[in-house]
Amino acid sequence: MSTVSRRRAKRRARPRNSLRATFSGLAAIAEKPPMSNQKQPSQQKPAGNAPASAISPTRAENYPEWYQQVVRAAELAETSDVRGCMVIKPWGYALWENIQRSLDKMFKDTGHKNAYFPLFIPLSYFEKEAEHVEGFAKECAVVTHHRLKPGTKADGKQGLVPDGELQEPLVVRPTSETIIGASFAKWVESYRDLPLLINQWANVVRWEMRTRLFLRTAEFLWQEGHTAHATRDEAMEETLKMLEVYADFAENWMAMPVIKGEKTEGERFPGAVNTYCIEALMQDRKALQAGTSHFLGQNFAHASDIKFSDAEGKISHAWTTSWGVSTRLIGGMIMTHADDDGMVLPPRLAPSHVVIIPVTHKPETAQAVLDYCNRLAADLRKIPYAGRTVDVEVDNRDIRGGDKAWQWIKKGIPLRVEVGPRDMAEDSVFMARRDRAHKDKVAVKRDEFVATVTQILEDMQSTLFARAKAHREHNTKRIDSRAEFEAFFGAKQEEDGAAAAQGGFALVHYAPDRKVEDELKAKFAVTCRCIPLEGADEPGSCIFTGKPTTRRAVFAKAY
RNA sequence: CGGGGUGUAGCUCAGCUUGGUAGAGCGCUUGCUUCGGGAGCAAGAGGCCGCAGGUUCAAAUCCUGUCACCCCGACCA
């Protein structure tokens, strides 16, 4: 298109930026009875031009845009100049480090060891498992050259151009089953070498078409566990054990309730025999797959030739598993806990638990207040909490107190503590909790605050979980007919392009059927999230095909 | 890969139709007054107008090419 016509088109199509387009999933948030336990500050505008909420637009106005603004305002991450890639900023990375630390401990406690495998996977390795190839082929970054040279007229390029073509292209790992399988094949000879329980913390690349910070980026950080076992049962046990670890982590550390379940065929990991997952419900009532654990059978053992001799000297292929969670968990935390004022961090994973804001605008008391704050910080930092000690920021930056407080609100720090000359005189602090309204502040004696800080944090942790769980329950519905199902989710898109009703979790009798799933996905953007592992069997008949079933499955729109 | 759109200050954008030598808001810096919840006034810094060609006395603006990014679809932790 020429420059002219582009420009003209721009002028014609003026009413763009329908940023405020209303979001029909609004009810989910507007109602959200359990989400606001404190009395609202009755929407009265704070002094000046300050907006009613720190994040604009609000969740009800435009949820996807709200999400992006929270990521930005909380300084968790930003987009980079590299297509589809994000820069994880210190506050966001510290959150990831805390996720890593907590999960890593759980992996070690279940007998796993960390190792590191190459980023580059020879194409020939990748080709070994047919379904695996098919599943990932379309989203691979491929390294084809190993050198650069100055461009020439003949190349029609200036600057540097790739040179030195590789004999065999290298795939930038989208996942590591094949490269780790190659190592496992060498490491495993005897049944005495099994089980082999390995985990890797790494980055992976999947050349996604559409990206969203933390939820889907071309490069992301994750952990991938890979294990090999002598028997099918043992491998299956491992698969489910790690699913349990993920569920435990999600609920007890992230304060994000999850449903453990098994994926249907269409949603299975390419190359897996069974895929299990944890699924969470976000505030806009869309589901998020927050972690997966795969029983790989002997598929990859065959592909990579992972063989061992058993006690009788008979050679057989090992049974393998793989399981992973990624930086997507951070997206899940945002969409589970954050509000219209920004991020809300579950205390056990918060990069920092307490910010102390010295009120030092009177020069004569400034130093004394600051000293008092530093002593308070030092005392707090000695207190053990959630596998580390209480982390404290003393924010004595030379900026206005209001700005300072709001920055920390947006970052989601659990506790804000103001200390001014008046508080110091009474040996008390002025404390605000991020899970309550921002004006809801209480004076607490300093020693009492120090003595109860971990209790307060734990109370916040359980409050966040309870709210999220109530939200999920409020938006989970047992549905027994196709008509009801369709009404619950509505059309795929409204006429104006805005997202349609998100529905929530629908529990329906469903006999797995690829064709049904394809149709539901096309018409309603709804997918079968999983068949829950827990809960009693309940005979019924599939609402789509009438076939007999023994359990209900979970359907939802999903990220 | 299809369909649509956009590149101008750190950010969000105006200016382009009808060419005349660069604008606003926010942010940033400085000063004064404010200051226990997002301040006010004043001054200031900051731009190869995505890139390369072309037309013209003159190009952010017109023409040609090119690159990048965004949105919708297919795909997806």
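The chains referred to below are lettered A, B, ... by the order of the sequence lines, with proteins before strands, and numbering in each begins at 1.
- Pairing for B/A68 goes to B/U6, judged as Watson-Crick or G-U wobble with the two contacts each under 3.5 Å.
- A salt bridge links A/Lys89 with A/Glu78: the closest approach of a Lys/Arg side-chain nitrogen to an acidic carboxylate oxygen falls below 4.0 angstrom.
- Atom P of nucleotide B/A77 and atom CD1 of A/Ile330 are separated by 18 Å, given to the nearest angstrom.
- Pair assignment for B/C41 gives B/G31, based on Watson-Crick or G-U wobble hydrogen-bonding distances that are each under 3.5 Å.
- With sequence neighbours left out, A/Phe300 forms a ring-ring contact (aromatic ring centres under 6.0 Å, His included) with A/His132.
- Across the strands present, B/U61 finds no partner; the criterion is a Watson-Crick or G-U wobble pair with both atom distances under 3.5 angstrom.
- The partner of B/A77, taking Watson-Crick or G-U wobble pairs whose two distances both stay under 3.5 Å, does not exist in any strand shown.
- Protein atom CZ of A/Arg83 is 10 Å distant from nucleotide atom P of B/C71, rounded to whole Å.
- Between the side chains of A/Trp406 and A/Asp341, not a single donor N or O lies within less than 3.5 Å of an accepting N or O.
- Both distances falling under 3.5 Å, in either a Watson-Crick or a G-U wobble arrangement, place B/C11 opposite B/G25.
- Legend: residues meeting side-chain hydrogen bond (donor to acceptor under 3.5 Å, both in side chains) with A/Glu517, ordered by chain and number and at least two apart, are A/Thr264, A/Tyr510.
- Note on ring orientation: taking the six-membered ring where Trp is involved, the planes of A/Trp222 and A/Phe220 are perpendicular (angle over 60°, cut-offs 30° and 60°).
- Within 4.0 Å (heavy atoms only), A/Thr217 reaches at least one base atom of the nucleic acid.
- If you check every strand for non-hydrogen atoms under 4.0 Å, A/Arg212 touches nothing.
- For A/Lys138, whose side chain is taken as the heavy atoms from C-beta onward, the closest listed nucleotide among B/C75, B/G38, B/A77 is B/C75.
- Taking 4.0 Å as the cut-off between side-chain N and carboxylate O, A/Asp284 and A/Lys286 do not count as a salt-bridged pair.
- In this structure, A/Glu208 reaches the bases: a heavy-atom distance under 4.0 Å links it to at least one base atom across the strands shown.
- Within the nucleic acid shown, A/Phe220 comes within 4.0 Å of at least one base atom, counting heavy atoms only.
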Footprint string (nucleotides 26-36 of chain B, 5' to 3'): B base within contact, S backbone only, - free, heavy atoms under 4.0 Å: --------BBB
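- We find that CZ of A/Phe269 is positioned 10 Å from C1' of B/A77, with the value rounded to whole Å.
- Classification of A/Arg422 and A/Glu426 as a salt-bridged pair fails, no side-chain N sitting under 4.0 Å from a carboxylate O.
- Taking only side-chain atoms of A/Lys521, from C-beta outward, the nucleotide of B/A77, B/C75, B/G38 with the closest atom is B/C75.
- Computed from coordinates, the A/His132 NE2 to B/A77 C1' distance equals 13 Å when rounded to whole Å.
- When heavy atoms are screened at a 4.0 angstrom cut-off, A/Leu288 is found touching no nucleic acid atom at all.
- Across all strands shown, nothing is found opposite B/G36 as a Watson-Crick or G-U wobble partner with both distances under 3.5 Å.
- As judged by a 4.0 angstrom heavy-atom cut-off over every strand, A/Leu329 is placed among residues making no nucleic acid contact.
- Side chains of A/Glu238 and A/Thr321: no donor on one and acceptor on the other come within 3.5 Å.
- If A/Ala405 and A/Glu267 are placed on RNA chain B by their nearest nucleotide, the residue sitting closer to the 5' end is A/Ala405.
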